[in-house]
Amino acid sequence: MNPFLPRLFRQLSLLALAALCLSALPARAEGEDALSAETAAILKIREGLANLTDYMATRPDLFPLRPPPAKRVLTPAQSQEARDLWARFLDYQLMLDAAWQRLSERDEANDKARFRAAYAAFLTRYRYALEFIRLADADPAMRVALNEPVGEIGLPERGYADFKFRFLHVAMAGEFASLAARYTTKIGTRRVCKQMKPLDCVFAQDEPYLWEAGRAHGLLNTLRNAGQIAQDGGSELIFPIQKGISEWMGQTRVSGGEQFLISAEQIAALRPRLQPGDILLERREWYLSNIGLPGFWPHAALYIGDAEERSAFFATPEIRAWLQTQGIADGNFETLLQTRQPAAYRLSQKPDDTGAMPRIIEAIGKGVSFTSLEHSAAADSLAVLRPRLSRLEIARALLKSFDYAGRPYDFDFDFRTDGQLVCTELVFKSYRPENDRQGLVWPLSSVAGRPVLTANNIVRHFDETWQTPAQQLDLIAFLDGNARANHAEESDLETFRASWRRPKWHIFAQEDARHEQ
């Protein structure tokens, strides 16, 4: 490897290699449909980057465009917000880098569509790298904050300096000039942006920005910035992804097709180990919805089983006595669900398109929905946690979860309202203590100024309370995705307890380790 290659460049390149290692795609993923999906992903990422940098531009108090008249020290809140934005910006950059590597390395001489998508990924990545540097670089105090390690994505110290070195290097400018010339020769004359297809509009907007950056702003001049690069040795987050983008992103995988590391056989073997009330934590690599979500674990779901499982599980004297107090003469928990939530109950009995019965309730892009285990557990990593509660407590939690069925997804990530729910909010509120209910208690954190519970913090709380009086969950199973082996492996308690500390791009770190062996 070139000894002058910065650490971040090496990491970004290995991330792209990880994407290629994962992309043993089905046949359809190599055709036009896959290319269209990847092109759409690039456009959505570009929209997210535009929103993020637009937000930065509205914060001159945090990102002044000129050096402050006097040296300043950022407050802890300012430093935290800057690092949060930096982490989310790098999420986008990592995804674009993976797309660029994947598309450009498979580019064939006459494949115009693939070249256009690859070039759009390159332009978007390069243009918004320069835009971020322009907005963040005037204040030495900001450079200090951004050069601190970003554990969430595994970025080491001086990551911002390495990032600048990469994108302010003359080699990057040369690559842009070469691609621009190829685009002009291959695609032809440009038109007015309103008359263009979305990718053509990207070319029309980003190419002039980059040429102007080289001429007027001097951002492409390595020598001019070399000295500065050598020297650089609880707040609100910005969610650039709003409802329309989020809903689409949740259904889109930027690489790897629909092949997951957890196999259908592993899911089938997992099912007998589950019981109603279990909490599932899931991670799917390369989904764009991972952008902006802190930590390794992004999703939570609730296992409800089917009617037969629930009837058997809740057939206890204690629950039958409770059901009698609820007016259910036959003492059957299913009768209570049908009586209290008839519409939701009908949905819970409807097989999916593959014929699989719903056994999961979860908040996903289309709202709080009943899904099959086969669908929900199709992931790259999965853990099952069991509440240390009585069956009566679990019955009350499941009854509550049915009450939330059909409510829309909460794209504002706001736990203060019940009209819309995010995935962890469904779990949190189903098990929330009420009146004589013991329930489960998790500490909330602040995200975008709103109280939330993240899936990653469920694991963190599990780890921190393990074997203490505050422990309220047990680990039933942990299927840990292994990119090097191209499958998920059953892992142990200690590995799971430490999983909340992983960089969110843990799979990239696995690939990094493989290349260092």
Side-chain angles (χ1 to χ4, degrees), residues 5-19 38 41-56 63 82-104 117-137 143 146-156 158-169 171-173 175-176 202 206 209-210 213 219 237-241 245 249 254-255 285-294 503-509 511-512:
L5 201 61
R7 293 190 301 276
L8 183 62
F9 180 82
R10 176 171 58 86
Q11 289 181 320
L12 292 169
S13 299
L14 289 173
L15 176 76
L17 288 173
E38 194 145 25
I42 292 165
L43 293 171
K44 294 296 181 181
I45 291 171
R46 186 177 186 274
E47 188 173 348
L49 281 167
N51 288 337
L52 190 148
T53 52
D54 285 349
Y55 172 80
M56 292 173 64
F63 302 103
R83 287 193 294 269
D84 288 334
L85 287 166
W86 173 229
R88 278 144 187 79
F89 173 80
L90 287 176
D91 273 355
Y92 286 117
Q93 286 284 328
L94 291 169
M95 295 295 248
L96 283 171
D97 201 81
W100 157 250
Q101 293 286 345
R102 182 178 184 277
L103 289 165
S104 62
Y119 186 42
F122 178 92
L123 286 177
T124 300
R125 183 186 55 169
Y126 194 15
R127 183 252 171 93
Y128 284 100
L130 298 188
E131 182 71 4
F132 187 94
I133 294 169
R134 181 183 72 85
L135 291 164
D137 210 55
R143 295 198 294 271
L146 298 184
N147 270 318
E148 293 182 1
V150 184
E152 180 183 327
I153 58 173
L155 190 69
R158 288 179 50 83
Y160 178 63
D162 287 346
F163 177 81
K164 286 203 304 179
F165 185 86
R166 180 189 188 190
F167 284 99
L168 300 182
H169 199 286
M172 183 67 75
E175 188 171 13
F176 162 58
V202 172
D206 289 357
Y209 179 95
L210 292 168
L219 288 174
L237 308 182
I238 174 67
F239 281 92
I241 311 168
I245 305 175
M249 282 182 167
V254 76
S255 187
E285 304 293 346
W286 308 111
Y287 268 78
L288 298 187
S289 54
N290 290 348
I291 294 175
L293 295 178
K504 64 187 300 181
W505 298 112
H506 172 70
I507 203 164
F508 152 53
E511 188 64 21
D512 199 354

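As a basis for the values below, the full set of heavy atoms in this structure was taken, side chains included, without hydrogen atoms, waters or symmetry mates. When a residue number appears, it is its place in the shown sequence, counting from 1.
The line from CE of Met172 to CZ of Arg125 is 5.0 Å long, rounded to the nearest 0.5 Å. To the nearest 0.5 Å, the span separating CG on Leu52 from CD1 on Ile45 amounts to 13.0 Å. The CG atom of Leu43 lies 9.0 Å from the CD atom of Glu47; values are rounded to the nearest 0.5 Å. Leu85 contributes atom CG, which lies 11.0 Å from atom CG of Leu90 (distance to the nearest 0.5 angstrom). With values rounded to the nearest 0.5 angstrom, Trp86 atom CH2 is found 12.5 Å from Glu148 atom CD.
When atom types are taken as modelled, the side chain of Asp137 and the backbone of Ile133 share no donor-acceptor pair closer than 3.5 angstrom. Looking only at distances, no side-chain donor or acceptor of Arg166 sits under 3.5 Å from a matching main-chain atom of Asp162.
Checked against the 6.0 Å centroid criterion, the rings of Tyr92 and Phe132 do not qualify as a close aromatic pair.
Of all heavy-atom pairs between Tyr128 and Ala50, the closest is OH-CB, 3.5 Å. Shortest non-hydrogen contact noted between Ala82 and Leu146 is O-CD2, 3.8 Å.
Applying side-chain contact (heavy atoms from CB on, under 4.5 Å) to Arg46 and the options Leu96, Thr124, Asn51 leaves one that passes, Thr124. Of the candidates Phe176, Tyr209, Phe122, Tyr209 is the only one forming a side-chain contact (heavy atoms from CB on, under 4.5 Å) with Arg127.
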Take Leu103 and Ile42 through the side chain to side chain contact (heavy atoms under 4.5 Å, CB included) test and state the conclusion after the steps. CA-CA 11 Å; Leu103 289 165; Ile42 292 165; 3.9 Å; yes

Set out, in order, the CA-CA distance, both residues' side-chain angles and the distance that settles side chain to side chain contact (heavy atoms under 4.5 Å, CB included) for Gln93 and Phe163, then state yes or no. CA-CA 10 Å; Gln93 286 284 328; Phe163 177 81; 4.3 Å; yes

